[in-house]
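Every value quoted in this text rests on a predicted model; they were computed, and no experiment measured them. The figures here come from the full heavy-atom set of this structure, side chains too, leaving out hydrogens, waters and symmetry mates.
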Amino acid sequence: MQIVVAVKPVPEAETRLRVGAGGTSFDPEGVKFVLAGYDESAVEQALLLRDAIPGSSVHAISVGPATRTEEVLRASLALGCDRATWVETPAGTPLDPLAVARSLAGALGSPPPDLVLCGKQAGDDEAGLVPAALGELLGVPDFGFAVNLRWDAGRSRFSLDRPTEGGLERWETPTPCVIGLQQAWNDPRTAKLPNILKSRKAPIAKAPAAADPGPGGVPEKFELPAPRTGARMIDYKTPEEAAQKLVKLLREEAKVFP
Amino acid sequence: MVDFSLTPDQESLRDLARKFARGEMAPHAAECDKTSRFPEEIYRKAHEVGLMNLNVPTEFGGSGLGLFEQCLIVEELAYACGGMTTSIIANCLALEPILLGATPEQQRRWLAPFCAEYHLASFCLTEPSGGSDAGALRTRARKDGDGYVLDGEKCFITNAPNASLYTVFATLDPELRTKGITAFVVPREAKGVTAGKDEEKMGHRASSTGTVRFEGVRVPAADRIGAEGEGFSIAMRTLDQTRTPIGALATGIAQAALDLAAGYALKRVTFGKPIAEHEAIQIKLANMAQAVRAARLLTWNSAWTIDAGGRGTLESSIAKCFASDAALHVADEAIQTFGGYGYMKEYPVEKLLRDAKLTQIYEGANEIQRTVIARELLRGYA
């Protein structure tokens with residue numbers, strides 16, 4: 001089975017972002033980019049499927065500028081992906097989800113691979129649109145927000161669950177298909193030191209970005225959340241006193257009770 | 001041109017160590033410190049991801065890293081826990097004599113099976129009657145047919161209670177002083193080897209430390225490292241290699257202390273403003289930051305010198321001595337910044353002071369480092 005995993009570089013979770021010069025995005029200077037969390041789970045799932053299904057291979061692919069995109073592809077190779085393809089885009093170009101999906105579809109070619117895995121959304125813009133757009137462009141079934149992905153070899157189908165309000169929907173799909181995976185239902189492995197060193201020297205294929213990125217949106221403004229106002233500490237001697245003072249404040253100042 | 005930036009390869013190794021340190025080590029650091037627990041499951045994971053036998057060539061199953069890359073990793077690990085780091089890197093110290101003095105056949109025989117699985121080794125030099133005066137060691141190696149018989153006791157040996165392999169320095173004749181010292185590889189299961197209990201220590205409590213006693217232990221000649229009488233030279237050349245990572249370990253502790261102090265100073269309010277806005281604390285933080293950076297740069301300079309083929313005796317002594325003194329000072333100032341809270345075990349800074357203290361003592365006490373620095377220095381003036 002040909003398994004493709006589409007990955008995206010996102011700023012490390014603890015990064016303190018600053019507004020960039022144009023005011024339409026964050027300033028990438030000094031920002032450390034890592035494999036997006038949901039994508040890490042997708043890579044893990046791809047590797048588990050490859051090891052369970054004889055004759056499979058995992059191909060990592062990413063769209064974006066140097067050097068962050070190359071770095072997450074190397075991280076994917078270090079985790080165990082068999083090969084990697086980089087669709088390089090000029091630095092500073094806004095990456096509209098549809099444009100990314102078009103570039104991915106172009107690079108993956110025709111016929112599409114048996115399975116394309118993505119994180120359900122990236123940890124930076126949280127748009128979650130690429131899996132759906134890619135499925136449409138490739139003309140194959142696509143599912144977002146999937147968990148419990150399983151391969152039924154006898155029927156050559158995947159089954160998966162989608163959490164809904166108060167329950168789970170169960171779906172099954174033939175291949176080829178595109179699946180956006182939820183995080184936190186597998187435990188992504190840590191790359192081993194020798195594999196990291198090997199991945200540094202591994203070749204990475206290049207593919208051109210889509211000539212026509214499509215009618216994408218243009219970011220208008222990027223701003224940081226307003227700073228939080230200070231917390232108020234309540235002085236108290238007994239829990240009863242603390243509760244009384246809290247209720248008084250909630251009623252009279254915050255006005256959450258009549 | 002001199003360049004202090006890291007290559008992408010170096011950054012990815014540092015990232016791995018950082019991830020391991022913060023994800024696997026840090027959550028258990030306080031608990032292992034409190035209970036003096038040896039977290040073997042963490043050391044097993046360190047071996048699994050390749051963070052253990054850093055200096056052993058890849059052909060023998062190690063990570064095959066240069067000293068500079070080792071230092072990047074060690075600093076990150078020590079940021080999370082100095083004690084765990086000591087136990088993780090103790091194999092580098094114990095195996096270095098084999099890398100420096102053993103034949104290719106011996107290296108294959110000992111290193112490949114050792115590195116393939118999780119195993120610990122201990123470097124057995126120090127004795128109850130002397131550490132710094134290594135030439136005066138008393139453990140005897142008597143010739144006996146086609147081999148030797150070892151008798152004596154080693155102390156303060158890192159990982160000794162948990163190790164399966166010992167590199168042991170013993171003398172053929174104490175009268176010969178340094179010229180009688182010879183190095184051996186002794187498996188834990190050899191008859192007559194007894195590892196003592198784990199000692200109660202002030203710091204590095206996640207690491208184990210103990211005595212190793214040798215009573216009539218037979219060692220075949222094939223398990224001697226190098227020639228008879230070459231042991232002292234092998235021990236000193238080993239320490240020339242492994243001293244620099246101690247500078248990195250101390251730097252990691254110092255960086256952790258600075259980060260905790262600065263973070264606390266921004267939050268703690270006195271006289272109506274965060275203490276970070278009081279000049280007394282600003283001066284403290286500025287001095288701490290200088291010490292941390294100088295420690296790191298001296299460590300990098302030493303690692304670079306040795307990786308470039310230099311012996312680095314002067315550079316590594318300066319790095320180890322300066323960084324360990326800096327770590328103690330920065331940890332002390334971090335406690336002072338925290339005030340009374342810093343003295344409480346509930347907060348993480350007092351552990352850093354206790355952990356920093358050992359870096360001034362082990363792998364050559366700082367008094368010896370200063371002796372070496374002065375000797376190397378004056379050679380240039382004579």
Side-chain angles (χ1 to χ4, degrees), chain A residues 7 9-16 29-37 40-41 43-44 60 65-81 84 86 183-184 187-204 227-233 235, chain B residues 5-26 42 44-66 68-70 72-74 76-77 88-89 91-92 115-116 118 259 263 266-269 272-274:
Chain A
V7 297
V10 299
E12 206 173 25
E14 303 99 83
T15 311
R16 293 197 182 159
E29 180 64 30
V31 173
K32 180 156 184 62
F33 287 87
V34 297
L35 196 55
E40 222 178 358
S41 292
V43 170
E44 179 66 26
T67 53
R68 69 183 80 152
T69 313
E70 183 187 344
E71 287 302 315
V72 295
L73 287 170
R74 295 210 181 275
S76 306
L77 290 169
L79 287 165
C81 294
W86 175 15
Q183 200 178 19
D187 185 13
R189 66 195 68 190
T190 300
K192 295 180 181 181
L193 190 147
N195 298 338
I196 290 174
L197 292 177
K198 262 183 243 155
S199 76
R200 303 299 321 171
K201 297 186 185 73
I204 289 182
R228 281 182 301 180
T229 50
R232 179 110 155 251
M233 300 303 291
D235 282 324
Chain B
S5 61
L6 302 181
T7 65
D9 294 30
Q10 290 166 338
E11 276 188 30
S12 60
L13 291 173
R14 189 194 54 190
D15 290 350
L16 167 69
R18 183 172 291 178
K19 189 173 181 190
F20 186 85
R22 300 189 187 185
E24 305 287 345
M25 294 164 65
I42 294 175
R44 279 182 190 281
K45 275 188 201 158
H47 174 269
E48 201 181 299
V49 299
L51 289 172
M52 200 157 243
N53 302 309
L54 299 174
N55 58 341
V56 177
T58 51
E59 58 176 308
F60 301 128
S63 298
L65 298 183
F68 193 91
E69 288 73 20
Q70 291 179 45
L72 291 176
I73 289 172
V74 170
E76 289 300 329
L77 300 182
I88 290 171
I89 65 171
N91 278 5
C92 297
C115 295
Y118 164 77
D259 288 356
L266 286 167
K267 282 192 302 218
R268 170 71 168 169
V269 174
K273 53 186 179 184

Query raised in the report: Between A:Thr190 and B:Lys45, does a side-chain contact (heavy atoms from CB on, under 4.5 Å) hold up when you go through it step by step?
Result: CA-CA 10 Å; A:Thr190 300; B:Lys45 275 188 201 158; over 6 Å; no

Query raised in the report: Nearest heavy-atom pair of A:Lys32 and B:Glu11: which atoms, and what distance?
Result: NZ-OE1, 4.4 Å

Query - Non-hydrogen side-chain atoms of A:Val34 and B:Asp15 separated by less than 4.5 Å - result: no

Query raised in the report: Between A:Glu40 and B:Lys19, does a salt bridge (charged side-chain N to carboxylate O under 4.0 Å, His left out) hold up when you go through it step by step?
Result: CA-CA 14 Å; A:Glu40 222 178 358; B:Lys19 189 173 181 190; 3.2 Å; yes

Requested in this report: Given side-chain contact (heavy atoms from CB on, under 4.5 Å), test B:Thr58 with A:Leu197 step by step and report yes or no.
Outcome: CA-CA 11 Å; B:Thr58 51; A:Leu197 292 177; 6.0 Å; no

Query raised in the report: So, B:Glu69 and A:Arg200, do they make that salt bridge, N to O below 4.0 Å?
Result: no

Query raised in the report: Of the non-hydrogen atoms in A:Pro194 and B:Val49, which two are nearest, and what is the gap between them?
Result: CD-O, 4.2 Å

**Report entry** Spatial distance of atom OG (B:Ser12) from atom CD1 (A:Ile196) [nearest 0.5 Å]
**Finding:** 5.5 Å

Query - Nearest heavy atoms of B:Leu16 and A:Ala191, plus distance in Å - result: CD1-O, 3.3 Å

